[in-house]
Amino acid sequence: MIEIGAQVDLSHPAERVWRALTDRELLGRWFAEAEMVEGLPDRMLLHTAGLPGFEANVEVEVTERQEPDLLVLACDEAGRLSELTCTVTTTKQGCRLELREVSTHGAWSAEQHEPREQQLRQALTVRLPAILDWLAFQQVDLRRADGGMTAELPLIGVRGRAGRNPRRRRTLVAVVAGAVLVAGTAAWVTLPPDSKPAAAPAPAPTATASPTVTADRTTVAPTATASARPSRTTASATARPSRTPSAKPSRTPASAAPPPPSAPSVTARYETESDRLFGYTGEIVVGNPGSAPVADWAVVVTLAEGTTVDDVDGATWRQDGRAITFTGAAVAAGGSRTISFDVRDSRPKAREPESCTIGGQQCAGL
């Protein structure tokens with residue numbers, strides 16, 4: 001028995017995820033195009049031929065259905081039979097979707113197994129969240145609710161009770177804008193004008209001695225004059241004249257300059273792998289250019305305000321406020337490790353992390 005599985009935590013209710021699993025048109029957007037089998041309402045043909053890990057189209061039949069928690073499908077891929085179980089579990093943030101496919105007759109080759117599982121994982125973590133965000137956007141009130149989050153509303157017609165009078169809304173906007181303009185004008189009138197910096201008092205003239213001429217050199221004492229423009233540097237107005245025409249040598253010789261910092265033992269590069277309406281998937285590649293493995297490494301990512309991490313692959317992680325710290329197993333000499341993480345954004349326009357560092361050094365690509 002060969003098993004393929006993948007799961008993802010989603011910030012959407014179970015009912016919306018169930019719709020994406022069972023609606024033929026939606027299923028074709030995030031996984032594969034689906035075609036209903038004529039006369040058999042519980043059967044569909046998935047056009048998977050050509051997808052990584054699939055050799056032919058897959059005919060599926062619903063064998064168990066418990067809305068919105070469980071969906072079991074019997075799959076037939078050109079004589080190779082399997083059972084696909086879709087489990088939806090409600091969580092505090094939304095729900096968790098787990099897909100598990102078990103071979104019941106025939107088997108996938110070694111060349112098929114890994115690409116098939118990767119295709120399933122990518123569909124769950126990239127394309128499915130995008131479809132769910134698109135569904136949520138159709139039911140969202142773009143006016144900000146309390147706490148900076150958007151409030152989901154049922155779709156109501158233009159003449160429904162939830163509609164607003166556009167003329168009244170324009171009047172309200174005009175009144176608010178007028179109040180802001182009046183308040184700004186009052187604040188401008190009452191503010192004191194910008195004061196220019198007061199000029200420093202001119203230095204008082206002082207008595208000076210006449211120049212003394214000797215046989216070997218002439219020393220000239222400074223002549224005190226009352227200047228209308230104050231000196232910008234106080235020290236230059238009162239300093240004694242130098243007795244030697246040459247400048248003092250630098251106290252720090254050029255050879256004593258600190259050496260340049262050594263290259264970090266590990267490096268990191270950040271890249272946004274995919275964008276969605278309410279989030280994105282980030283990827284960090286940790287590289288070890290040295291000649292020895294590095295076990296003690298940590299990547300710290302500071303997320304933008306209003307974003308959270310839902311799913312991490314390739315590392316262990318902990319969160320402290322908006323700072324996410326990724327750690328993991330040792331990186332071999334000359335090797336690398338890839339970290340993929342899913343970010344949810346409460347605003348329609350996704351924002352990349354504010355910073356990414358490894359060992360105090362900035363990650364490349366951000």
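Between Arg100 and Glu83 there is no salt bridge, since no side-chain nitrogen of the basic residue lies less than 4.0 Å from a carboxylate oxygen of the acidic one. A salt bridge is defined here as a Lys NZ or Arg NE, NH1 or NH2 lying under 4.0 Å from an Asp or Glu carboxylate O, and Glu55 with Arg80 meets this definition. Electrostatic pairing of Arg344 and Asp342 counts as a salt bridge here, judged by a charged N lying under 4.0 Å from a carboxylate O.
The minimum heavy-atom distance between Thr63 and Leu73, with the atom names listed, is OG1-N, 4.2 Å. Of all heavy-atom pairs spanning Thr281 and Ser340, the tightest one is CG2-OG, 3.7 Å. Listed here is the closest heavy atom pair of Gly5 and Arg121: O-NH2, 4.3 Å. Of all heavy-atom pairs spanning Asn288 and Ser265, the tightest one is OD1-O, 3.2 Å. Nearest heavy-atom pair, Ala315 versus Phe326, reported as atom, atom and distance to 0.1 Å: CB-CB, 4.3 Å. Shown here for Gly290 and Ala333, the closest heavy-atom pair between the two residues is O-CB, 3.5 Å.
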Intermediate values then yes/no, salt bridge (Lys or Arg N to Asp or Glu O under 4.0 Å), Arg43 and Glu35: CA-CA 9 Å; Arg43 287 195 179 186; Glu35 178 184 349; over 6 Å; no
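Shown here are the salt bridge (charged side-chain N to carboxylate O under 4.0 Å, His left out) partners of Arg322, two or more places apart in sequence or in another chain: Glu305, Glu354. A search for salt bridge (charged side-chain N to carboxylate O under 4.0 Å, His left out) contacts involving Glu283 returns nothing, not counting sequence neighbours.
At most 12 heavy atoms of other shown residues, nucleotides or ligands fall within 6.0 angstrom of atom CD in Gln118.
A side-chain donor from one of Thr316 and Thr327 sits under 3.5 Å from a side-chain acceptor of the other.
Cation-pi geometry between Arg127 and Phe31 is not met at under 6.0 angstrom from the ring centre and within 45 degrees of the axis.
When hydrophobic clusters are built by joining Ile, Leu, Val, Met, Phe, Trp and Tyr residues whose side-chain heavy atoms come closer than 4.5 Å, directly or via intermediates, Trp134 is grouped together with Leu128. Under the 4.5 Å side-chain contact rule for hydrophobic residues, Ile324 and Val300 do not share a cluster. In terms of hydrophobic clustering, with Ile, Leu, Val, Met, Phe, Trp and Tyr side chains grouped at heavy-atom distances under 4.5 Å, Leu135 and Val126 are assigned to different clusters.
One distance of note links CG of Leu45 with CD of Glu33; it measures 11.0 Å at 0.5 Å rounding. Taking CD of Gln119 as the start and CG of Leu124 as the end, the distance is 10.0 Å to the nearest 0.5 Å. Going from atom CD of Glu64 over to atom CG of Leu71 covers 9.0 Å, rounded to the nearest 0.5 Å. If you take CG on Leu27 and CG on Leu21, they are separated by 7.5 Å, rounding to the nearest 0.5 Å.
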